[in-house]
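Protein chains get the first letters and strands the later ones, always in sequence-line order, with residue 1 at the start of each. The basis for the numbers below is simple: all heavy atoms, side chains too, and nothing from hydrogens, waters or symmetry mates. Since we're looking at a predicted model, the values are computed, not measured.
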Amino acid sequence: DSGVTQTPKHLITATGQRVTLRCSPRSGDLSVYWYQQSLDQGLQFLIQYYNGEERAKGNILERFSAQQFPDLHSELNLSSLELGDSALYFCASSPGLLNEQFFGPGTRLTVL
Amino acid sequence: KNEVEQSPQNLTAQEGEFITINCSYSVGISALHWLQQHPGGGIVSLFMLSSGKKKHGRLIATINIQEKHSSLHITASHPRDSAVYICAVSHKGAQKLVFGQGTRLTINP
């Protein structure tokens, strides 16, 4: 158990819908990272927050947004969902900016 | 060409064999990470290294910064080592990870 929690574990929804994925980092960790793992693209970095502020952005679609709250938990919002958004979404946390990252169990999103 | 290349893509071995997985990268990095992904999907961080060698139990990771190459070794392999091993790098001055495609390791009893 890494200490990073993600909810829900599984999510099944329809095209066009909007979902919110939630991540609670390890106690004391200030950085939160979001990653997408799809069958054809492998693992890809989406976005990073550090102590409430966006620090780095990867290949995140405009339909996706994220935020980190004062209690340091983070949410990833996916809207206007498409079939191709079906993937595993991982959250990871680290104490600071250049530390080892600890991964949550992931949320498996299926868009039908 | 991917920024992070792993080899082999698939590896099958017998229990007890010495395993080596290789990772090459093409840009300057601040650190290299080795991750293990279990069949259930969970990802575990094995090592983060920026120079030299690290050892944890039966796992050893080495990195050669000049040659932009890292290896992950598993000694006395066991069926429970069966997983996908992923190499990832973080660029200098950046925090995001760039991932290799992974090596699927199967250890047969």
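Ring to ring, Y35(A) and F99(B) are close: their centroids are under 6.0 angstrom apart.
Interface remark: S30(B) contributes side-chain atoms only to the contact with chain A (heavy atom separation under 4.5 Å). Q41(A) touches chain B through its backbone: at least one of N, CA, C or O sits under 4.5 Å from a heavy atom, while the side chain does not. Looking at F102(A), neither its backbone nor its side chain comes within 4.5 Å of chain B, counting heavy atoms on both sides.
Rounded to the nearest 0.5 Å, atoms CD (Q48(A)) and CG (L97(B)) are 9.5 Å apart. Atom CZ of F103(A) is separated from atom CD of Q37(B) by 9.0 Å, given to the nearest 0.5 angstrom. Here L35(B) contributes atom CG and Q101(A) contributes atom CD; the two are 8.5 Å apart, rounded to the nearest 0.5 Å. One distance of note links OG of S90(B) with CG of N99(A); it measures 10.0 Å at 0.5 Å rounding. In this structure, CD in Q44(A) is found 9.5 Å from NZ in K96(B), a value given to the nearest 0.5 Å.
Hydrophobic cluster membership is shared by L88(A) and Y33(A), with clusters built from Ile, Leu, Val, Met, Phe, Trp and Tyr side chains linked at under 4.5 angstrom. Hydrophobic cluster membership is shared by V84(B) and L43(A), with clusters built from Ile, Leu, Val, Met, Phe, Trp and Tyr side chains linked at under 4.5 angstrom. Grouping the Ile, Leu, Val, Met, Phe, Trp and Tyr side chains by contacts below 4.5 angstrom, directly or via other members, places L49(B) apart from I60(B). Residue I63(B) is grouped with residue I19(B) when hydrophobic side chains (ILVMFWY) are merged at heavy-atom distances under 4.5 angstrom, including chains of intermediate members.
A 6.0 Å sphere centred on CZ of R104(B) holds no more than 12 heavy atoms belonging to other residues, nucleotides or ligands. Heavy atoms from other residues, nucleotides or ligands lying under 6.0 Å from CG of L83(A) number more than 12.
Sorted by first and then second residue, the ring pair (Phe, Tyr, Trp, His ring centres under 6.0 Å) pairs involving residues 19-47 of chain B (not counting sequence neighbours) form an empty list.
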Discussion item. Run I43(B) and F90(A) through side chain to side chain contact (heavy atoms under 4.5 Å, CB included) and show every step you take.
Written reply: CA-CA 9 Å; I43(B) 296 176; F90(A) 288 100; 3.7 Å; yes
